[in-house]
Amino acid sequence: MKAPLFRDPIYDGATDPTVVYNRETKEWWMVYTSRRATAEGPGVAWVHGSDLGVATSSDGGRNWVYRGTLPGLEFEWGRNTFWAPEIYWHEGVYHMYVSYIQGIQIEWTGDRRIIHYTSKNLIDWKLEGPLPLSSNRVIDACVHELPGGGFRLWYKDEEHGSATYAADSEDLYHWHNPRPVLTHRGHEGPNVFRFKGSYWMIIDEWRGQGVYRSDDLDNWERNGMILETPGVRKDDAWIGHHADVVVTGNEAYVFYFTHPGRNGMQEGAKEGYEQRRSSVQAARLDVRDGILVCDRDEEFEMNLITE
């Protein structure tokens with residue numbers, strides 16, 4: 001398997017990937033936060049002012065080509081910030097829930113909202129508006145259909161301890177009942193999927209991905225960790241951050257990003273481009289004795305099935 005799987009050729013800051021099948025072009029699309037790793041500036045300005053980058057694959061995910069950024073998302077003047085897209089296809093419509101920050105912050109400040117867009121082709125997007133959630137500091141949306149009907153959205157609420165919260169919807173447009181789900185420690189990037197008879201949630205604990213298992217999407221039990229041990233592949237010698245999982249056929253693949261330049265960095269050292277740059281990697285998931293496992297050093301060939 002190619003490693004790294006993808007690097008952004010413009011700013012070299014590909015993070016928070018989400019992978020979705022484009023039913024019109026018959027390609028797999030990776031949409032991601034295009035952090036400006038090459039930008040010098042005060043504080044964390046380089047993490048802000050980001051567009052949503054797009055890479056596409058026509059060979060089942062083995063090779064990815066940078067195509068540009070998603071157009072038409074701006075709804076107010078200025079240079080604004082888009083983070084961590086979630087794209088969910090339902091009945092002929094792609095629903096995107098993306099984290100939005102006005103302007104370019106130089107500190108970890110400012111309101112964060114999750115904004116809803118819809119599209120028929122992943123290119124032409126209609127603004128549906130912000131979601132009414134549990135605070136004005138919410139990011140990192142993930143959506144899954146509920147077994148009894150309707151949908152659930154999980155997200156990070158920074159105002160409430162950087163915990164995972166959830167809200168429900170019958171139609172993907174109107175959301176209600178925001179409430180806490182996981183509050184054990186600060187974390188981000190919840191991602192929910194069904195694989196081998198169970199529902200799974202992985203969360204970025206900034207030390208690897210915490211894993212939870214559920215039978216009903218209501219009750220979650222801890223199931224260990226993945227991507228906490230650095231790998232041996234090129235650009236993989238770092239913990240795996242903010243991941244997405246694609247279940248295709250009998251296989252499941254996790255797409256995550258690393259900061260390879262931080263390997264061996266001395267504590268307190270000044271951060272530069274080499275420490276800011278990021279690489280997207282992919283690995284195969286499995287379930288053994290009821291535990292979700294991931295050997296990021298495993299040799300495999302990805303085969304995202306064309307639908």
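Values below: all heavy atoms of this structure, side chains included; hydrogens, waters and symmetry mates excluded. Small disclaimer: the values here were computed from a predicted structure and weren't measured.
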### Query
Which pairs, with at least one residue in residues 4-14 and sequence neighbours excluded, count as a side chain to side chain donor-acceptor pair (under 3.5 Å)?
R7-D12, D8-Y32, D8-S34, D12-Y273
### Contacts of E128 that satisfy side-chain hydrogen bond (donor to acceptor under 3.5 Å, both in side chains) - sequence neighbours left out
T118
### Query
Closest heavy-atom contact between W64 and W29?
CZ3-C, 3.8 Å
### Query
So, T33 side chain and R35 main chain: donor-acceptor pair closer than 3.5 Å or not?
no
### Message
Between E170 and H176, does the side chain to side chain donor-acceptor pair (under 3.5 Å) criterion hold? Intermediate values first, please.
### Response
CA-CA 9 Å; E170 286 71 46; H176 57 85; 3.3 Å; yes
#### Entry: Pairing residues for R79 by the salt bridge (charged side-chain N to carboxylate O under 4.0 Å, His left out) criterion, not counting sequence neighbours
D51
### Query
Side chains of E74 and N80: is there a donor and an acceptor less than 3.5 Å apart?
yes
### Query
Do the side chains of M302 and W28 get nearer than 4.5 Å, heavy atoms only?
no
### Query
Mind checking who shares a hydrophobic cluster with V47, ILVMFWY linked at side-chain heavy-atom distances under 4.5 Å?
V44, W46, W83, I101, W108, I139
### Non-hydrogen atoms of A283 and C294 that approach each other most closely
CB-SG, 3.6 Å
### Query
What are the two closest non-hydrogen atoms of P260 and S279, and how far apart are they?
CG-OG, 4.1 Å
### Message
Taking transitive links into account, so neighbours of neighbours count too, which hydrophobic residues share a cluster with I104 at under 4.5 Å side-chain distance?
### Response
none
### Query
Under 3.5 Å, is there a donor-acceptor pair between the side chain of T164 and the main chain of K156?
no
### Task
State whether the number of non-hydrogen atoms from other residues, nucleotides or ligands found under 6.0 Å of R179 atom CZ is greater than 12.
yes
### Query
If you measure from the Lys or Arg side-chain nitrogens to the Asp or Glu carboxylate oxygens, is any gap between R233 and E299 under 4.0 Å?
no
### Task
Please answer whether the main-chain N or O of N303 pairs with a side-chain N or O of E251 as donor and acceptor at a distance below 3.5 Å.
no
### Task
List in chain and number order the residues that pass side-chain hydrogen bond (donor to acceptor under 3.5 Å, both in side chains) with T69, two or more places apart in sequence or in another chain; answer none if no residue qualifies.
none
### Task
Not counting sequence neighbours, list each pair that qualifies as a side chain to side chain donor-acceptor pair (under 3.5 Å) and has a residue in residues 189-203.
N191-D244, K196-D286, S198-R213
### Task
Could you tell me whether R112 and D140 make a salt bridge, using a distance below 4.0 angstrom between a side-chain N and a carboxylate O?
no
### Message
Through direct or indirect side-chain contacts below 4.5 angstrom among Ile, Leu, Val, Met, Phe, Trp and Tyr, which residues connect to I239?
### Response
W238
### Side-chain donor or acceptor of D297 paired with backbone N/O of V232 under 3.5 Å
yes
### Task
May I ask you to check whether T25 and E27 show a side-chain donor-acceptor distance below 3.5 Å?
yes
### Query
Strictly by modelled atom types, are D236 and Y256 linked by a side-chain donor-acceptor pair under 3.5 Å?
yes
### Message
Checking E205 now: which residues fulfil side-chain hydrogen bond (donor to acceptor under 3.5 Å, both in side chains) with it, not counting sequence neighbours?
### Response
H184, R207, R222
### Query
Taking it one step at a time, do H242 and D204 satisfy side chain to side chain donor-acceptor pair (under 3.5 Å)?
CA-CA 5 Å; H242 195 128; D204 187 352; 5.5 Å; no
#### Entry: R36: partners by salt bridge (charged side-chain N to carboxylate O under 4.0 Å, His left out), with sequence neighbours left out
none
### Query
Side-chain contact, heavy-atom cut-off 4.5 Å: L292 with Q209?
no
### Residues forming a salt bridge (charged side-chain N to carboxylate O under 4.0 Å, His left out) with E301, sequence neighbours excluded
R62
### Message
Checking one residue: Y155. Which other hydrophobic residues are in its cluster under the side-chain 4.5 Å linking rule?
### Response
Y88, Y97, I114, L131, L133, V138, V143, F151, L153, Y165, L172, W175
### Message
Using 30° and 60° as the class boundaries, would you call the ring planes of H116 and H95 parallel, tilted or perpendicular?
### Response
parallel
## Note on the structure
Heavy atoms of I305 and T248 approach each other most closely as N-OG1, 2.9 Å
#### Entry: Whether S50 side chain and T81 backbone form a donor-acceptor pair below 3.5 Å
no
### Summary
What one should report as the nearest heavy-atom pair of R23 and Y94 is N-OH, 2.9 Å
### Task
Describe, in one word, how the ring planes of Y117 and F82 are oriented to each other, choosing from parallel (under 30°), tilted (30 to 60°) and perpendicular (over 60°).
tilted
### Summary
Between R276 and T38, the two heavy atoms sitting closest are NH2-C, 4.3 Å
